[in-house]
Amino acid sequence: MNEVLTLALAKGRLADKTFDLLEKMEIDCSAPRNPGRQLVLWDHKQNIRFILVKPSDVPTYVDHGVADLGVVGKDTLMEAGRPLYEVLDLGFGACRLCIAGYPDKIRDTVSHATFRVATKYPNIAKSYYGEQGRTIEIIELHGSVELGPVIGLSDVILDIVESGSTLRANGLEIMEEVCDSSARLVCNRVSLKTKRERVQWLIDGISAQIMQ
Ligand code: PRP
């Protein structure tokens, strides 16, 4: 019997795209595709255990070694700043991390107030503005970040832009691009040594699928 391999997946679109890849490798994803309220799901034949978690928790599970591998957006990975081994860029879930706001309004107000940045990514914001030597106030939000400049809570947002429709719908404009993001396969550093063959089998299989 193969050793158990545990995968932590971000619930939602990234998990669905990951299942598409895994199914092409004959891994049975029928249980995690329809989990109900269950959080631990199995492909018993391949001895693979899936855990479905919030995107921002994927790096935590993999870093602690309770998951051997995980799939998570590069944005979330950068924000978490954990020492994981980033194995593959899976290509899907592509988006950009951007600074957005009302460019004209900023020119009027920024000179006499602390520049306020609303974001779900406080660590990325701190390092981005820190590298530029700019002092900012970070206002941490957990969703609907675009509301920040709309309602006057912040001057700009640092957030992901995928289609751009949320920005457009709220009359906001991209002012700076921070970096690109897409889904990444990450691995626990210890698992890579102690379960080398199993981990490599999965990495090679996924790698072959994304190159097709
Ligand atoms: C994300 C992000 C933006 C939006 C960008 O939010 O924070 O709000 O998607 O996508 P778009 O460019 O295609 O419009 P999400 O849908 O995850 O919801 P949230 O605001 O509650 O975090």
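This chain uses plain numbering: 1 for the first residue, then up along the sequence. Both ligands and their constituent atoms are indexed starting at 1 by order of listing.
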For atom 7 (O) of ligand 1, the protein heavy atom that lies nearest, with its residue and separation: Asp159 OD2, 2.6 Å
- prompt: Once you round to the nearest 0.5 Å, how far does OG1 of Thr135 lie from CZ of Phe115?
  reply: 11.5 Å
Ligand-side contact atoms (ligand 1) for residue partner Ser165, heavy atom cut-off under 4.0 Å: 12 (O), 14 (O)
task: State whether a side-chain donor-acceptor pair under 3.5 Å links Tyr121 with Asp75.
output: yes
query: So which protein heavy atom does atom 3 (C) of ligand 1 come closest to, and at what separation?
result: Glu146 OE2, 3.1 Å
query: Considering only heavy atoms of Ser163, which atoms of ligand 1 have at least one such atom less than 4.0 Å away?
result: 11 (P), 12 (O), 13 (O), 14 (O)
message: Does the protein come close to atom 22 (O) of ligand 1 - that is, does one of its heavy atoms sit below 4.0 Å from that atom?
response: yes
query: Backbone or side chain, does any N or O of His142 fall under 3.5 Å from an N or O of ligand 1?
result: no
- request: May I ask you to check whether Arg189 and Ser191 show a side-chain donor-acceptor distance below 3.5 Å?
  value: no
- line: One finds that the ligand 1 atoms under 4.0 Å from a non-hydrogen atom of Val161 are 12 (O)
query: Which ligand 1 atoms are under 4.0 Å away from a heavy-atom of Ile160?
result: 2 (C), 3 (C), 5 (C)
query: Would a 4.0 Å cut-off, counted as strictly less than, catch a protein heavy atom around atom 12 (O) of ligand 1?
result: yes
Pair Glu79, Asn123: side-chain N/O donor-acceptor within cut-off below 3.5 Å: yes
query: Of the choices Arg13, Arg96, Lys120, which has the non-hydrogen atom that lies closest to atom 17 (O) of ligand 1?
result: Lys120
query: So, are Lys74 and Glu86 salt-bridged, with charged N and O less than 4.0 Å apart?
result: yes
task: Taking atom CG of Leu39 as the centre, report whether more than 12 heavy atoms of other residues, nucleotides or ligands fall under 6.0 Å from it.
output: no
- request: Can you sort out which atoms of ligand 1 are near Ser144, meaning under 4.0 Å from one of its heavy atoms?
  value: 19 (P), 20 (O), 21 (O)
Tyr85 OH: over 12 foreign heavy atoms closer than 6.0 Å: no
Atoms of ligand 1 close to Gly143 [distance to a heavy atom under 4.0 angstrom, numbered from 1]: 19 (P), 20 (O), 21 (O), 22 (O)
field: Partner residues of Ser127 under the side chain to side chain contact (heavy atoms under 4.5 Å, CB included) criterion, sequence neighbours left out
entry: Glu131
- prompt: What about Val145: any of its N or O atoms under 3.5 Å from an N or O on ligand 1?
  reply: no
task: May I ask you to identify, for Thr166, whether its side chain, its backbone, both or neither come under 4.0 Å of ligand 1 on a heavy-atom basis?
output: both
- prompt: With distance as the sole test, does Asn47 use its side chain to make a donor-acceptor pair with the main-chain N or O of Asn2 at under 3.5 Å?
  reply: yes
